[in-house]
Amino acid sequence: MASWQRTHTCGALRADSIDATVVLNGWIENHRHHGALLFVDVRDRYGVTQVVFQQEFDGALFERARRLGAEDVISVKGVVARREKANAERATGEIEVLARELVVLAEAEPPPFEVLDVAEANEELRMRYRYLDLRRRPLQNALLKRAGFVTAIRNFLAAEGFIDVETPILTKSTPEGARDYLVPSRVNPGTFYALPQSPQIFKQLCMVAGLERYYQIARCFRDEDLRADRQPEFTQIDLEMSFVEEPDVIALVERMVVAGFREGFGIELPQPFPRFDYEDAMARYGCDKPDLRFGMTLIDVSALAARSDFKVFRGAVESGGIVKGICAVGAAEKFSRKGIDELTAFAVARGAKGLAWAKVTQNGVEGSIGKFYEGDKGKELCAAMGASPGDLLLFCADSKKVVHKALGDLRLEVGGKLGLRDQKVFRCCWVLNFPMFEWNEEHARWQFAHNPFSAPVDWDVADFETDTANIRSRAYDFVMNGWELGSGSIRIHKPALQAKVFQFLGITPEQQRANFGFLLDSYRYGGPPHGGIALGVDRLVTLALGMDSIRDVIAFPKTARATDPMSDAPSVVAKAQLDELKIQCSVPPPGTGA
RNA sequence: GGGGGCGUAGCUCAAUUGGUUAGAGUACCGGACUGUCGAUCCGGUGGUUGCGGGUUCGAGUCCCGUCGCCCUCGCCA
């Protein structure tokens with residue numbers, strides 16, 4: 001063993017090693033000069049240990065140590081000693097290493113930003129030097145926790161008999177869904193592969209193949225605009241099971257997520273996860289991914305509003321709309337007129353025409369609707385809302401769609417301002433029975449609300465033509481703290497039904513053949529009933545660690561423009577490469593000034 | 001594609017109504033210091049104010065364009 005190789009990590013040494021001779025390897029995190037004394041903090045993945053160089057012990061060694069700079073990589077041999085004054089904030093704070101030998105393994109230029117626990121540099125710079133950003137403990141911790149979580153998931157699924165199967169990255173483009181990333185085929189000029197948006201069809205083929213239980217930690221690609229919770233490539237826990245129905249998948253996934261959070265993050269998730277009908281979730285929370293960390297549910301007061309003197313309320317009901325409200329408990333004093341004006345603007349930005357509000361006092365209700373709800377009417381309203389003195393009531397009157405959107409978002413906004421969305425609290429739920437189809441305004445046609453392979457709830461009665469909006473699919477979403485973290489369904493496994501669904505959406509038999517023919521064909525040879533789910537790993541980890549963006553839990557993420565400032569991808573390629581692929585660009589390469 | 005925010009020293013930021021030589025902290029370099037731990041103290045280097053154009057006696061500041069980053073709407077079966 002080379003003499004510079006470490007005997008301990010920088011997080012390992014404690015008081016029980018005093019007087020031991022040790023070797024540490026790591027980066028210089030910080031150094032403090034005190035004349036004839038020099039303190040150096042040495043960092044590795046495991047921690048930080050203080051090393052002391054003393055001039056009186058070895059003048060030549062001391063001179064060399066004086067020249068050490070931030071992020072130099074060193075090996076230091078020394079004797080463990082008890083500190084004169086312990087540092088309680090550090091795991092190794094009771095001891096220090098009295099340096100006896102020093103090897104500089106690599107010298108570092110001053111980094112473009114300081115490698116601190118708190119990120120001070122802007123994100124673009126940090127991305128350009130991602131390898132330095134990743135040296136920071138919070139990011140290392142995120143990658144460590146992510147790996148631990150994924151390992152726990154793998155262990156769980158392996159123990160449950162799931163087979164890890166790799167599916168193609170070079171696959172076939174299909175018209176539905178997100179835009180595909182395309183890869184030209186050199187061998188077949190003029191044709192293109194697509195990177196998978198998900199392994200959906202392949203995992204279903206695994207079921208036809210009789211694997212029964214498939215899973216994959218799968219990279220997925222979607223060429224859509226980015227967000228804080230969206231990257232062009234992302235990772236899913238993808239799984240599929242044969243001979244199952246909704247409760248089987250849900251129960252398994254619930255156990256898997258609980259195990260993953262326990263072993264990966266040390267978080268105990270409250271069980272069981274409540275299950276909501278889609279309609280119910282929309283009615284109570286105004287959205288299909290309810291944040292259950294707090295109540296403040298949407299309460300329907302349409303019946304009351306219908307006989308109100310307040311024209312906005314009565315008019316909304318008379319024209320077929322609804323009136324709903326939320327009750328922010330004890331919040332009356334926390335929102336000034338200006339604060340309520342801001343909430344109104346918030347609701348208006350989401351399509352509401354305005355926001356009716358009232359503060360509940362001992363004497364009744366005061367506020368924009370106060371004069372319409374004096375005396376008993378006010379009491380009746382408060383009773384309907386479950387409101388007590390000190391509460392703030394917010395109402396929205398409009399079409400069901402607008403009310404749910406505005407009030408659902410407002411609920412989250414008010415909940416956030418009241419501190420009810422604690423990042424350390426985790427509440428999961430399932431949302432079931434989604435609509436099978438949704439109306440696409442732009443193209444004036446029905447389209448899949450979930451995916452083309454989700455089975456309808458009722459096989460026999462379903463009448464797509466006459467009752468389209470009410471057809472439910474056997475789809476289920478897994479939701480945590482208001483984030484959609486997983487989506488799945490029981491699939492159609494009978495070719496006749498699949499054809500019927502495609503036909504209804506105007507997808508011709510020719511198009512079906514061209515796009516999904518191999519899946520439809522496979523069912524002719526005995527496809528078992530099956531279903532599955534895919535969970536977003538990046539979002540799960542982001543949420544568990546209380547990070548703000550999925551970029552914080554991805555080692556090498558991309559910017560909002562889908563670029564990588566470090567590698568400079570995507571980039572112009574040589575004309576010879578394009579020629580070989582028989583590709584011509586209709587725009588000049590960027591940066592040519594053309 | 002639309003809307004919003006930001007862009008000044010290596011980094012984080014400041015700069016009055018458009019007005020003197022664009023400052024501070026930090027990093028870096030040099031010096032002092034034997035118990036620090038975001039050490040402290042003294043001194044120093046460091047600027048195409050993203051880029052281009054315009055208005056003006058004068059632009060970091062105002063106007064137009066452009067580039068980049070972030071948030072968001074559309075989009076994401």
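Chain naming here is simple, since letters A, B, ... match the order of the sequence lines and numbering starts at 1 in each.
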Can you figure out which of [options] approaches the side chain of [X] most closely?
X	options	value
Ala36(A)	U34(B), C69(B), C37(B)	U34(B)
Lys85(A)	C28(B), U12(B), C37(B)	C37(B)
Leu125(A)	C28(B), C70(B), C11(B)	C11(B)
His33(A)	C76(B), U36(B), C33(B)	C33(B)
Arg83(A)	C75(B), C33(B), C37(B)	C37(B)
Glu114(A)	U26(B), C33(B), G35(B)	U26(B)
Arg230(A)	C76(B), C33(B), C28(B)	C76(B)
Glu224(A)	A27(B), C76(B), C11(B)	C76(B)
Arg561(A)	U34(B), G68(B), C71(B)	G68(B)

Could you measure between the two [atom1] atoms, the one in [N] and the one in [M], and give it in whole Å?
N	M	atom1	result
G38(B)	A27(B)	C1'	12 Å
C33(B)	C42(B)	C1'	12 Å
G74(B)	G18(B)	C1'	40 Å
G54(B)	G58(B)	C1'	15 Å
G52(B)	C71(B)	P	28 Å
U56(B)	G19(B)	C1'	12 Å
A9(B)	U66(B)	C1'	25 Å
A22(B)	G30(B)	C1'	26 Å

Check the phosphate of [N] against [X], side-chain N and O only, distance under 4.0 Å to OP1 or OP2. Yes or no?
X	N	result
Thr563(A)	C69(B)	yes
Asn122(A)	C70(B)	no
Arg227(A)	C73(B)	yes

Return the value, rounded to whole Å, for the distance between atom [atom1] of [X] and atom [atom2] of [N].
X	N	atom1	atom2	answer
Met127(A)	G68(B)	CE	C1'	13 Å
Asp58(A)	U34(B)	CG	P	18 Å
Lys558(A)	G68(B)	NZ	P	17 Å
Gln54(A)	C33(B)	CD	C1'	16 Å
Glu123(A)	C11(B)	CD	C1'	16 Å
Glu124(A)	C71(B)	CD	P	13 Å
Leu226(A)	C71(B)	CG	P	9 Å
Asp229(A)	C76(B)	CG	P	15 Å

Assign [X] to base, sugar-phosphate, or nothing according to its heavy-atom contacts below 4.0 angstrom with the strands shown.
X	result
Arg551(A)	sugar-phosphate
Pro112(A)	sugar-phosphate
Ala121(A)	sugar-phosphate
Glu56(A)	base
Gln197(A)	nothing

If pairing requires Watson-Crick or G-U wobble contacts with both distances under 3.5 Å, which nucleotide is the partner of [N]?
N	answer
G58(B)	none
G74(B)	none
C28(B)	G44(B)
A14(B)	none
G68(B)	C6(B)

Main-chain N/O of Ala20(A) paired with Ser17(A) side-chain donor or acceptor, under 3.5 Å = no
Honestly, is Arg350(A) close enough over Phe346(A), meaning NZ or CZ under 6.0 Å from the six-membered ring centre and within 45° of the axis?
-> yes
Are the aromatic ring centres of [X] and [Y] under 6.0 angstrom apart?
X	Y	answer
Phe234(A)	Phe221(A)	no
Phe434(A)	Tyr476(A)	no
Phe39(A)	Phe53(A)	no
Phe276(A)	Trp430(A)	no

Nearest-nucleotide 5' precedence on RNA chain B, Gln447(A) against Pro565(A) = Pro565(A)
Residue mapping more 5' on RNA chain B - nearest nucleotide basis, Asp225(A) or Arg67(A) | Arg67(A)
Stacking check Phe39(A) vs U36(B) (5.5 Å / 30 deg) = yes
Indicate yes or no: at least one non-hydrogen side-chain atom of Val48(A) is less than 4.5 angstrom from one of Arg137(A).
-> yes
Does atom CD of Glu224(A) have more than 12 heavy-atom neighbours from other groups under 6.0 Å away?
-> yes
Check ion pair Arg421(A)-Asp291(A) (N to O, under 4.0 angstrom) | yes
